[in-house]
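Before any comments, here is the structure.
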Amino acid sequence: FLFFSFPLSPSHTQTSASARLEEEAARGEFTQQFVALESTIRQLCSDIAAKLGDTVMYKGRPYLEKMVHDRHEVLYFVQERRRAMKLAAAAAGGATSTTTAAAEKV
């Protein structure tokens with residue numbers, strides 16, 4: 001199993017724009033790797049079907065069918081991770097400003 005990690009949040013020295021560019025580059029690299037693997041797997045599954053008359057299965061469903069959903073699942077995971085990080089950053093920022101406002105009142 002391959003795991004690809006994207007830089008999803010800017011570091012302290014990066015701007016949001018540079019973080020987005022870095023993420024876009026990582027996503028492009030992932031897509032190239034994914035397409036290459038997908039092509040190889042499709043060919044192997046096709047060879048197995050032609051030579052052996054059998055379908056490659058994964059957990060009871062044809063692997064080629066499953067593979068169609070894999071990319072969508074990875075991109076969904078990345079999107080949800082980004083959303084969670086934004087919510088966490090907003091919550092941390094909100095807590096900081098609330099704490100600062102309370103301290104100023106004292």
Report task. Would you check if T55 and Y63 make a side-chain contact, meaning some heavy-atom pair closer than 4.5 Å? Result ->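 A side-chain contact under 4.5 Å is absent here.
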
Report task. Mark yes when over 12 heavy atoms from residues, nucleotides or ligands other than E65 sit less than 6.0 Å from its CD; otherwise mark no. Result ->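 Atom CD in E65 is packed in, count exceeds 12.
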
Roughly how far apart are [X] [atom1] and [Y] [atom2], rounded to 0.5 Å?
{"X": "F34", "Y": "M67", "atom1": "CZ", "atom2": "CE", "answer": "7.5 Å"}
{"X": "R83", "Y": "Y76", "atom1": "CZ", "atom2": "OH", "answer": "7.0 Å"}
{"X": "R81", "Y": "K86", "atom1": "CZ", "atom2": "NZ", "answer": "13.5 Å"}
{"X": "Y58", "Y": "L64", "atom1": "OH", "atom2": "CG", "answer": "14.5 Å"}

Going by atom type alone, with no hydrogens or angles, which donor-acceptor pairs under 3.5 Å involve a side-chain atom of residues 37-48 and a protein atom two or more places apart or on another chain?
unit_1: E38; atom_1: OE1; unit_2: R71; atom_2: NH2; d: 2.9
unit_1: T40; atom_1: OG1; unit_2: A36; atom_2: O; d: 3.1
unit_1: Q43; atom_1: NE2; unit_2: D47; atom_2: OD1; d: 2.8

Report task. Tell me, with the steps shown, if R27 and E24 meet salt bridge (Lys or Arg N to Asp or Glu O under 4.0 Å). Result -> CA-CA 5 Å; R27 187 179 299 117; E24 185 177 332; over 6 Å; no

